[in-house]
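Shown next, in structure tokens, is the structure this report addresses.
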Amino acid sequence: MQNKLVNLIQDIYQTKEFIPLHAPRFDGNEKSYVNDTLDSTFVSSVGAYVDKFEKAIEDFTGATKAIAIVNGTAALHTALHMAGVKRDDLVITQALTFVATCNALHHMGAEPLFVDVSRKSLGLCPEALERYLEEHAFVNDEDECQHKSTGQIIRALVPMHTFGHPVELDELISLCQRWHIVLVEDAAESLGSFYKSQHTGTFGAYSAISFNGNKVITTGGGGMVLCKDASDGVRAKHLTTTAKVPHPYEFFHDEAGFNYRLPNLNAALGCGQMEVLKEYLQQKRELAKVYSEFFKNSAFNFIEEPEYAESNYWLNAILCPDFESREAFLKSTNELGVMTRPIWTLMHRLPMFSSSMCGDLSNSEWLEARLVNIPSSPVKLA
Ligand SMILES: *Cc1c(COP(=O)(O)O)cnc(C)c1O
């Protein structure tokens, strides 16, 4: 099976050399836009590409306001700050995520609280969340969600659209409303993914996208905060650009801001990438179809988009029958020069989050032992 798969992947990417999990591609206007910033010397915090890139993301996602940020982790930090997350607050998220989700809230002095994911979406499970809240939380007199045993406020919920597959948003939104929790989507991996025809990241009050080098499109490093509310967008922009009050020459800053603005140089790259995004998404869907066919009638299950969603298939994933077959699969494919990777170690096993509170995590653990990513770079099929 592994040998047949390696042959298929070498055919798809037309090479016998090493094949990475996800490589960037620049075959549009990227070079000319980046050169333009060099020629004009506007490579840094001033320049027209930042506004253009934000507008392109707003048009594509339908978000009210998009603010370009230095990276996805900083975008998450900004989104959580906007959501009112404070020192000692609890933020509910998945143990099955990339570490950036938890780092962002940890550095704010907040603590993660892990609930289980669904085996279907690979993202935060509404039933698990409801069960946890019913047992461990109550809405206090100030209309805040409070943890029964510690008294901490559960300020925000951060579901993550794993590998680009959207979580069950309707159910999570109604739980957030009922329990007075702010919804912040970690949409770092889901640019181009839609839940019931609406773009992911536009459901929460705030959300974060990443343009790291391995994401669907890249700006080298970069991110975006999406705001549902236009005035929140204005405030997020202000906050992430040192909170400077506009003035022809005076320096006056009206709060402790962040220097999180995406440089014009990176935004120029982003503008070029936005022009090819739709083509990449189409190619990724076709690639997913080929994998899906390949794994039919095998012991390995290809992860399909949930029926309510259109996924960007950022990273294609398969479920191995058990941990032993996962190990064998990883070993043989990597030895043959085809990069495959297990899913991230669950957050509650990492030293800095090992004493965090958790609900039942049996689906997360089941998936952790079996999930593997296979090469997913957009490619024109022969
Ligand atoms: C990539 C990613 C991030 C962080 O993005 P950076 O741009 O690398 O800081 C956050 N969360 C998830 C789930 C990611 O996959």
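As the structure lists them, so they are numbered: ligands from 1, and atoms in each ligand from 1.
The closest heavy-atom contact to atom 14 (C) of ligand 1, among the options Gln94, Met160, His161, Lys215, comes from Lys215. Heavy-atom proximity to atom 11 (N) of ligand 1, evaluated over Thr219, Asn214, Asp186, Thr218, is greatest for Asp186.
When the side chains of ILVMFWY residues are joined at heavy-atom separations under 4.5 Å, either directly or via intervening members, Ile57 and Tyr260 end up in two distinct hydrophobic clusters.
The shortest non-hydrogen separation linking His165 to Leu122 is CD2-CD1, 4.3 Å.
When each of Ile303, Asn316, Ile318 is paired with Tyr291, the side-chain contact (heavy atoms from CB on, under 4.5 Å) condition holds for Asn316 and for no other.
Within the structure, the closest approach of Gly222 to ligand 1 falls below 4.0 Å when heavy atoms are considered.
Between Ala100 and ligand 1, not a single N/O pair is under 3.5 Å apart. Below 3.5 Å of separation, one finds no N or O of Thr97 facing any N or O of ligand 1. Geometrically, ligand 1 and Ser210 share a nitrogen or oxygen pair separated by less than 3.5 Å.
The cationic group of Lys215 does not satisfy the cation-pi geometry with Phe211, failing either the under 6.0 Å distance to the six-membered ring centre or the 45° limit from the ring axis.
Ring orientation note: the planes of Phe114 and His348 are tilted relative to one another, at an angle of 30° to 60°. Using cut-offs of 30° and 60° on the angle between ring planes, the pair His147 and His136 is parallel.
Protein heavy atom closest to atom 9 (O) of ligand 1, with residue, atom name and distance, is Thr73 OG1, 2.6 Å. Nearest protein heavy-atom neighbour of atom 12 (C) of ligand 1: Ala188 CB, 3.5 Å. When hydrogens are left out, the protein atom nearest atom 15 (O) of ligand 1 is Glu189 OE2, 2.5 Å; that is the closest non-hydrogen contact.
Annotation for ligand 1: atoms under 4.0 Å from non-hydrogen atoms of Asn212 are 7 (O), 8 (O).
For Phe353 and His106, the distance between ring centers is under 6.0 angstrom.
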